[in-house]
Chemist: 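Structure below; questions to follow.
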Amino acid sequence: MGRPPGDDVKPLPFNDPRHLQAHQFLVDEAYLLDAQHYEAWLDTLTDDIRYLMPVRVTTALGAGFDTAPGMAHFDENKYSLQRRVARFATEHAWTEDPPSRLRHFITNVRSFAGADPDELQVQSAELLFRSRGDVNEAALVSCGRDDVLRRDGDRWKLARRTITVDESVLRMQNLAVFL
């Protein structure tokens, strides 16, 4: 994250209505995830969603990569995301019993328009605060996100998300969260 998506896209000014809509989408999404309204969150995703969080590795300067090829914490589609959400409603979701307390902080939102007027590329930074129960220490996850939002009728939906965590070693008991 942090680099412009490519030569074929242009950054949108902050007062561009599309940028404001993208920013509003991310704020509304953060609310749904914090409130654990996962069914409503699923409705904000396209049917062909790709939700990816590659494994970060620490490499020497100039190595040319900072993720492990072919390895991901998440590499999901709509079906697998629906299954994860459905599992939360069962007694088998012990990783979320008691449920986590979540707060998604979204910042540094930048939007880019390309050739397709029905798609936006959006970059953002996220800090997730998560606490579980009364004895475990709270966890923080800092990451960058590269998203593609696609217009669906009169609203935007998330079509792609690549999550780039800022640490190689995640300091969290499990990844039963959405970023």
Side-chain angles (χ1 to χ4, degrees), residues 1 12 14 16-54 72-113 118-133 136 138-166 170-179:
M1 191 198 119
L12 297 175
F14 289 131
D16 186 293
R18 294 166 296 173
H19 173 76
L20 297 172
Q21 291 167 5
H23 198 153
Q24 184 69 52
F25 176 92
L26 296 179
V27 169
D28 291 344
E29 178 192 35
Y31 165 77
L32 292 175
L33 294 174
D34 288 347
Q36 300 179 17
H37 295 316
Y38 297 126
E39 290 291 337
W41 176 70
L42 288 171
D43 190 47
T44 70
L45 311 177
T46 63
D47 289 338
D48 65 342
I49 178 78
R50 180 160 187 219
Y51 185 82
L52 175 66
M53 185 169 126
H73 296 288
F74 305 125
D75 190 355
E76 299 193 74
N77 58 25
K78 183 91 175 240
Y79 177 78
S80 64
L81 292 168
Q82 289 170 327
R83 299 288 45 94
R84 275 216 284 159
V85 166
R87 189 170 181 274
F88 286 151
T90 72
E91 70 274 4
H92 303 294
W94 55 268
T95 59
E96 280 301 298
D97 188 11
S100 295
R101 294 179 197 102
L102 304 169
R103 186 76 57 215
H104 293 75
F105 297 91
I106 310 300
T107 187
N108 300 355
V109 177
R110 297 174 5 135
S111 302
F112 303 86
D118 289 329
E119 286 192 353
L120 291 176
Q121 295 180 37
V122 183
Q123 295 177 339
S124 62
E126 177 180 26
L127 181 65
L128 172 69
F129 173 87
R130 179 188 190 198
S131 77
R132 287 197 63 237
N136 296 327
L140 294 174
V141 175
S142 173
C143 62
R145 302 185 311 181
D146 289 298
D147 295 339
V148 173
L149 298 183
R150 186 180 305 138
R151 192 180 313 276
D152 182 20
D154 62 347
R155 67 185 195 146
W156 294 96
K157 287 192 170 191
L158 182 64
R160 304 277 180 274
R161 171 162 291 157
T162 301
I163 303 157
T164 307
V165 291
D166 294 324
L170 299 179
R171 302 166 202 276
M172 188 176 283
Q173 290 181 339
N174 61 62
L175 281 173
V177 294
F178 299 104
L179 295 165

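Basis for what follows: all heavy atoms, side chains included, without hydrogens, waters or symmetry-related copies.
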Chemist: Mind running side-chain contact (heavy atoms from CB on, under 4.5 Å) on Leu120 and Gln21 for me, showing each step along the way?
Modeler: CA-CA 10 Å; Leu120 291 176; Gln21 291 167 5; 5.8 Å; no

Chemist: Measure across Asp43 and Arg155 and return the closest heavy-atom pair with its distance rounded to 0.1 Å.
Modeler: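 For Asp43 and Arg155, the tightest heavy-atom pair comes out as O-NH2, 2.7 Å.
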
Chemist: Taking salt bridge (Lys or Arg N to Asp or Glu O under 4.0 Å) as the test, write out the residues that go with Arg161, two or more places apart.
Modeler: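 Listed in chain order: Glu29, Asp147.
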
Chemist: For the residue pair Val165 and Cys143, what are the closest heavy atoms and their distance?
Modeler: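 Between these two residues, the closest heavy atoms are CA-CB, 3.8 Å.
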
Chemist: Rounded to the nearest 0.5 Å, what separation is found between the CZ atom of Arg101 and the CG atom of Asp34?
Modeler: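 Answer for the CZ-CG pair, Arg101 versus Asp34, is 13.5 Å.
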
Chemist: For Arg103, does the CZ atom have more than 12 heavy-atom neighbours from other residues, nucleotides or ligands under 6.0 Å away?
Modeler: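 It does not: Arg103 CZ has 12 such atoms or fewer within range.
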
Chemist: Could you pull out the closest heavy-atom pair between Phe178 and Leu81, with the gap in Å?
Modeler: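 It is CE2-CD2, 3.7 Å.
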
Chemist: Supply the atom-to-atom distance Ile163 CD1 to Leu179 CG, rounded to the nearest 0.5 angstrom.
Modeler: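 Between Ile163 CD1 and Leu179 CG, I get 5.0 Å after rounding to 0.5 Å.
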
Chemist: When you measure from the centre of the six-membered ring of Tyr79, is the NZ or CZ of Arg83 closer than 6.0 Å and no more than 45° off the axis?
Modeler: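 Yes, Arg83 and Tyr79 form such a contact.
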
Chemist: To the nearest 0.5 Å, what is the distance between CG (Leu170) and OG (Ser142)?
Modeler: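 Separation between the atoms: 11.0 Å.
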
Chemist: Of all the heavy-atom pairs spanning Met172 and Ala139, show the shortest one and how long it is.
Modeler: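 Between these two residues, the closest heavy atoms are CE-CB, 4.0 Å.
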
Chemist: Parallel, tilted or perpendicular, judged at 30° and 60°: which one describes the rings of Phe88 and Tyr38?
Modeler: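 The rings of Phe88 and Tyr38 sit tilted, inter-plane angle from 30° to 60°.
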
Chemist: Kindly say whether Thr162 contributes a backbone atom to a donor-acceptor pair with the side chain of Asp146 at under 3.5 angstrom?
Modeler: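 Here the side-chain-to-backbone pair does not exist.
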
Chemist: Determine whether Leu158 and Thr46 satisfy the following criterion, side-chain contact (heavy atoms from CB on, under 4.5 Å), listing intermediate values before the conclusion.
Modeler: CA-CA 6 Å; Leu158 182 64; Thr46 63; over 6 Å; no

Chemist: What residues form a ring pair (Phe, Tyr, Trp, His ring centres under 6.0 Å) with Tyr51, not counting sequence neighbours?
Modeler: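 For Tyr51, the residues satisfying ring pair (Phe, Tyr, Trp, His ring centres under 6.0 Å) (neighbours in sequence not counted) are Phe74.
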
Chemist: Could you state the interatomic distance from CD (Gln82) to CD1 (Ile49), rounded to the nearest 0.5 Å?
Modeler: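 Here the rounded value is 11.5 Å.
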
Chemist: Please assess Leu20 against His23 for the test side-chain contact (heavy atoms from CB on, under 4.5 Å), listing each intermediate value before the final yes or no.
Modeler: CA-CA 5 Å; Leu20 297 172; His23 198 153; 5.7 Å; no

Chemist: Excluding sequence neighbours, so at least two apart, what forms ring pair (Phe, Tyr, Trp, His ring centres under 6.0 Å) with Phe14?
Modeler: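 Once residues adjacent in sequence are excluded, the partners of Phe14 under the ring pair (Phe, Tyr, Trp, His ring centres under 6.0 Å) criterion are His19.
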
Chemist: For Asp48, give me all partners under salt bridge (Lys or Arg N to Asp or Glu O under 4.0 Å), at least two apart in sequence or on another chain.
Modeler: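 Scan of Asp48 (salt bridge (Lys or Arg N to Asp or Glu O under 4.0 Å), adjacent residues dropped) gives Arg150, Arg160.
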
Chemist: Quick check: does any side chain N or O of Gln123 sit under 3.5 Å from a backbone N or O of Phe112, one acting as donor and the other as acceptor?
Modeler: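 Answer holds: no.
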
Chemist: Drop me the distance from Thr90's OG1 to Arg87's CZ, to the nearest 0.5 angstrom.
Modeler: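 It is 6.0 Å, given to the nearest 0.5 Å.
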
Chemist: Return yes when atom CZ of Arg84 has more than 12 non-hydrogen atoms of other residues, nucleotides or ligands closer than 6.0 Å, and no otherwise.
Modeler: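 Atom CZ in Arg84 is packed in, count exceeds 12.
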
Chemist: Suppose we screen for salt bridge (Lys or Arg N to Asp or Glu O under 4.0 Å). Which residues come up paired with Asp152, at least two apart in sequence or across chains?
Modeler: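 With neighbours one apart ignored, the set is Lys157.
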
Chemist: Could I get the full list of salt bridge (Lys or Arg N to Asp or Glu O under 4.0 Å) partners for Glu126, not counting sequence neighbours?
Modeler: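 If we apply the salt bridge (Lys or Arg N to Asp or Glu O under 4.0 Å) test to Glu126, skipping adjacent residues, the hits are Arg145.
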
